[in-house]
Asker: 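Just dropping this structure here.
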Amino acid sequence: IKLEVVEGNKEGSRWLIVDSVHICLKQQVFQNHDVWRCEDFRDYKCPFKIITTKEESENGLQIVTMTKKLLHNCSKDKVKPILHKFRLKLAKRMRADLDTPWRKIWDEERKILMDGLKSESQLLLNQVLLELKDSRSFRVSAQRARAKETPTIPKTHEEMDPEKVNSFL
């Protein structure tokens with residue numbers, strides 16, 4: 001079973017992706033292990049639960065116990081984790097490359113994603129392409145990430161930092 005921890009939608013949150021399909025959110029934290037529940041637990045009462053060792057442990061993330069994957073009563077596919085990781089890559093690039101326009105970053109990252117999915121099934125490829133047609137939602141989240149890195153324009157003299165202002169004296 002493949003486990004991968006990625007950043008969540010909210011700042012500071014972490015998601016556990018199980019077998020590149022199931023997204024689990026951290027529900028409880030204990031001294032030696034973490035309890036993760038399916039993301040649809042609140043809405044659909046999906047009974048899937050996995051208990052892992054701490055991320056910071058010396059052996060890395062390991063499964064302590066897990067309910068059977070057949071117990072999922074929510075529909076899952078590989079598309080959502082793929083798109084979430086793609087959204088994280090876009091946000092990271094937008095924060096790092098402040099001078100690069102959105103369209104260029106979108107085109108480069110989209111090409112990398114499509115090249116990486118060439119070996120997958122045609123159905124999965126079509127689903128991802130269909131989701132990528134809504135580029136506006138991807139752009140909004142990436143621009144929000146860039147806005148956090150962009151310095152604000154001072155409105156008063158008290159807000160102005162003299163070290164950041166070029167003086168020509």
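Here the structure is a predicted model, which means the values were calculated and not measured. Values below: all heavy atoms of this structure, side chains included; hydrogens, waters and symmetry mates excluded.
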Asker: Rounded to the nearest 0.5 Å, what separation is found between the CD1 atom of Ile105 and the CZ atom of Phe138?
Answerer: 15.0 Å
Asker: Just wondering, do Leu124 and Ile82 contact through their side chains at under 4.5 Å, heavy atoms?
Answerer: yes
Asker: Considering all heavy atoms of both residues, which atom of Ser135 and which atom of Trp102 are nearest to each other, and what is their separation?
Answerer: O-CZ2, 4.0 Å
Asker: Kindly indicate whether a cation-pi arrangement holds for Arg37 with Phe48, taking the cut-offs as under 6.0 Å to the six-membered ring centre and within 45° of the axis.
Answerer: no
Asker: List the atom of Gln143, the atom of Met94, and the distance in Å for their closest heavy-atom pair.
Answerer: CG-CE, 3.8 Å
Asker: Between Lys80 and Glu39, is the closest basic N to carboxylate O distance under 4.0 Å?
Answerer: yes
Asker: Ignoring hydrogens and geometry, is there a side-chain-to-backbone donor-acceptor pair from Arg146 to Asp97 under 3.5 Å?
Answerer: yes
Asker: Transitively linked via ILVMFWY side-chain contacts under 4.5 Å: Leu90 with Leu113?
Answerer: yes
Asker: I need the minimum non-hydrogen distance between Val64 and Thr52, along with the two atoms involved.
Answerer: CG2-C, 3.9 Å
Asker: Drop me the distance from Asn126's CG to Glu131's CD, to the nearest 0.5 angstrom.
Answerer: 12.0 Å
Asker: Same cluster for Trp36 and Met66 if Ile/Leu/Val/Met/Phe/Trp/Tyr side chains link at under 4.5 Å?
Answerer: yes
Asker: Would you check if the distance from the ring center of Trp106 to the ring center of Phe86 is below 6.0 Å?
Answerer: yes
Asker: Do Val6 and Ile23 belong to the same hydrophobic cluster, where Ile, Leu, Val, Met, Phe, Trp and Tyr are linked whenever their side-chain heavy atoms lie under 4.5 Å apart, directly or via other members?
Answerer: yes
Asker: Please report the C-alpha distance between Leu61 and Leu16 in whole Å, then the side-chain angles of each, then the deciding distance to 0.1 Å, and finally whether the side-chain contact (heavy atoms from CB on, under 4.5 Å) criterion is met.
Answerer: CA-CA 10 Å; Leu61 199 65; Leu16 176 70; 3.5 Å; yes
Asker: Should we say atom NZ of Lys26 is surrounded by more than 12 heavy atoms from elsewhere, each under 6.0 Å from it?
Answerer: yes
Asker: How close do Val21 and Pro81 get, counting heavy atoms only, and between which atoms?
Answerer: O-CG, 3.5 Å
Asker: What is the minimum heavy-atom distance between Ala145 and Ala91, and which atoms define it?
Answerer: CB-CB, 3.7 Å
Asker: Can you spot which of Lys111, Lys104, Arg103 makes a side-chain contact (heavy atoms from CB on, under 4.5 Å) with Asp107?
Answerer: Arg103
Asker: When Gln27 is tested against each of Asp34, Val35, Ile51 for side-chain contact (heavy atoms from CB on, under 4.5 Å), which residue passes?
Answerer: Val35
Asker: Within a strict 4.5 Å, meaning less than it, do heavy atoms of the Val128 and Glu120 side chains meet?
Answerer: no
Asker: To the nearest 0.5 Å, tell me how far Gln28 CD sits from His33 NE2.
Answerer: 8.0 Å
Asker: Name the one of Arg14, Arg87, Lys85 that satisfies side-chain contact (heavy atoms from CB on, under 4.5 Å) with Glu7?
Answerer: Arg14
Asker: Nearest 0.5 Å please: distance from the CZ atom of Arg144 over to the CZ atom of Arg95.
Answerer: 13.0 Å
Asker: Hey, is Glu109 close enough to Arg93 for a salt bridge, meaning N to O under 4.0 Å?
Answerer: yes
Asker: Please determine whether side-chain contact (heavy atoms from CB on, under 4.5 Å) holds for the pair Arg110 and Leu129, giving the CA-CA distance in whole Å, both sets of side-chain angles, and the decisive distance to 0.1 Å.
Answerer: CA-CA 10 Å; Arg110 188 173 182 270; Leu129 282 172; 3.5 Å; yes
Asker: Under the side-chain contact (heavy atoms from CB on, under 4.5 Å) rule, what do Ser137 and Val140 come out as? Steps first, then yes or no, please.
Answerer: CA-CA 5 Å; Ser137 68; Val140 167; 5.8 Å; no
Asker: In Å and rounded to the nearest 0.5 Å, what is the SG to OH distance from Cys38 to Tyr44?
Answerer: 10.5 Å
Asker: With side-chain contact (heavy atoms from CB on, under 4.5 Å) as the criterion, how do Ile17 and Val5 come out once you've worked through the C-alpha distance, each side chain's angles and the decisive distance to 0.1 Å?
Answerer: CA-CA 6 Å; Ile17 299 176; Val5 178; over 6 Å; no
Asker: Measure the spacing between CG of Leu130 and CG of Leu125 and express it to the nearest 0.5 Å.
Answerer: 11.5 Å
